[in-house]
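Down below is the structure, laid out as structure tokens.
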Amino acid sequence: MFIKIVTIKCPNERAKKSFKLLNNEVTEEQMKVGLLKQTIVDASETSIVYVKYWISKKHFDKGRKDWQKTSREFNDMGAVMTAVGGESEIIMSDEFKNNLKQ
């Protein structure tokens with residue numbers, strides 16, 4: 001599994017709402033090419049953290065094309081973005097696994 005963590009510092013709260021809506025559109029497209037899950041963390045009034053769970057780096061590379069356009073739009077709107085990613089392992093409790101099946 002490949003995980004990408006993206007932090008976006010927005011110029012204001014209104015911009016943050018716009019970024020979240022735009023990201024949701026991109027996420028729908030990315031899910032068609034290998035994005036399994038996305039977790040959104042409202043880190044502050046003007047910061048968002050996205051944790052994106054991909055099948056593999058190869059799938060991430062396909063989905064990245066959609067993100068690059070959005071990233072440029074975010075930058076043009078005054079956002080500051082940072083990202084890290086890599087191969088990962090996920091450890092889940094049995095309780096969590098059981099709740100996924102429902």
Side-chain angles (χ1 to χ4, degrees):
M1 182 170 290
F2 185 83
I3 292 184
K4 191 74 168 183
I5 302 169
V6 180
T7 301
I8 303 173
K9 294 183 182 178
C10 309
N12 55 52
E13 200 169 350
R14 185 177 189 157
K16 177 182 165 184
K17 289 178 184 177
S18 295
F19 294 154
K20 286 175 81 172
L21 289 172
L22 186 55
N23 180 70
N24 288 345
E25 292 176 20
V26 172
T27 298
E28 292 292 324
E29 293 303 311
Q30 290 178 327
M31 287 184 166
K32 294 175 184 175
V33 294
L35 179 64
L36 297 171
K37 174 184 169 185
Q38 174 180 272
T39 301
I40 302 168
V41 180
D42 282 319
S44 73
E45 287 183 9
T46 57
S47 294
I48 314 163
V49 177
Y50 293 106
V51 182
K52 295 183 174 242
Y53 302 79
W54 294 86
I55 294 171
S56 68
K57 178 143 182 7
K58 180 180 173 184
H59 290 87
F60 163 74
D61 289 337
K62 286 182 187 177
R64 185 173 186 212
K65 294 172 188 170
D66 292 324
W67 179 254
Q68 288 173 326
K69 179 183 175 214
T70 303
S71 176
R72 284 190 297 274
E73 291 177 28
F74 284 5
N75 287 331
D76 290 346
M77 295 170 65
V80 176
M81 298 180 15
T82 57
V84 296
E87 295 295 327
S88 64
E89 296 177 37
I90 296 178
I91 301 169
M92 290 184 271
S93 72
D94 288 338
E95 186 64 32
F96 185 77
K97 290 176 191 174
N98 291 336
N99 286 322
L100 287 176
K101 295 176 185 177
Q102 295 178 5

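Note that the coordinates shown come from a computational prediction; the quantities given were computed from them, not determined experimentally.
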Inset, instruction - Say whether Leu35 and Val84 are linked into one hydrophobic cluster, either directly or through other cluster members, by side-chain heavy-atom distances under 4.5 angstrom. - result: no
Inset, instruction - Would you kindly confirm whether Trp54 and Met31 end up in one hydrophobic cluster when ILVMFWY residues are joined by side chain heavy atoms under 4.5 Å apart? - result: yes
Inset, instruction - Can you sort out the partners of Ser47 under side chain to side chain donor-acceptor pair (under 3.5 Å), two or more places apart, ordered by chain and number? - result: Ser44
Legend entry - NZ/NE/NH1/NH2 to OD/OE distance under 4.0 Å, Asp76 and Arg72: no
Inset, instruction - Applying ring pair (Phe, Tyr, Trp, His ring centres under 6.0 Å), name anything that partners Phe74, two or more places apart in sequence or on another chain. - result: Phe19, Trp67
Compile the donor-acceptor pairs under 3.5 Å between side chains in residues 1-9 and protein atoms, sequence neighbours left out, one pair per line.
none

Legend entry - Greater than 12 external heavy atoms within 6.0 Å of Glu45's CD: no
Legend entry - In one Ile/Leu/Val/Met/Phe/Trp/Tyr side-chain cluster, 4.5 Å: Leu21, Val26: no
Inset, instruction - Find out whether Lys52 and Phe60 are in side-chain contact, i.e. whether some heavy atom of one side chain is under 4.5 Å from a heavy atom of the other. - result: no
Legend entry - Residues which pass side chain to side chain donor-acceptor pair (under 3.5 Å) with Glu29, listed by chain and number, not counting sequence neighbours: Lys32
Inset, instruction - Using the rule that two of Ile, Leu, Val, Met, Phe, Trp, Tyr join whenever any of their side-chain heavy atoms come within less than 4.5 Å, decide whether Val80 and Leu22 are in one cluster. - result: no
Inset, instruction - Only counting residues at least two apart or in another chain, list the ones meeting side-chain contact (heavy atoms from CB on, under 4.5 Å) with Glu28. - result: none
Inset, instruction - Scan residues 11-21 for pairs that pass side chain to side chain donor-acceptor pair (under 3.5 Å), counting only residues two or more places apart or in two chains. - result: Lys16-Asp42, Lys20-Asp42
Legend entry - Heavy-atom pair of closest approach, residues Gly78 and Pro11: O-CD, 3.8 Å
Legend entry - Approximate separation, where rounding is to 0.5 Å, of Met81 CE and Ile48 CD1: 10.0 Å
Inset, instruction - Hey, could you give me the OG1/CD1 distance between Thr27 and Ile40, rounded to the nearest 0.5 Å? - result: 6.5 Å
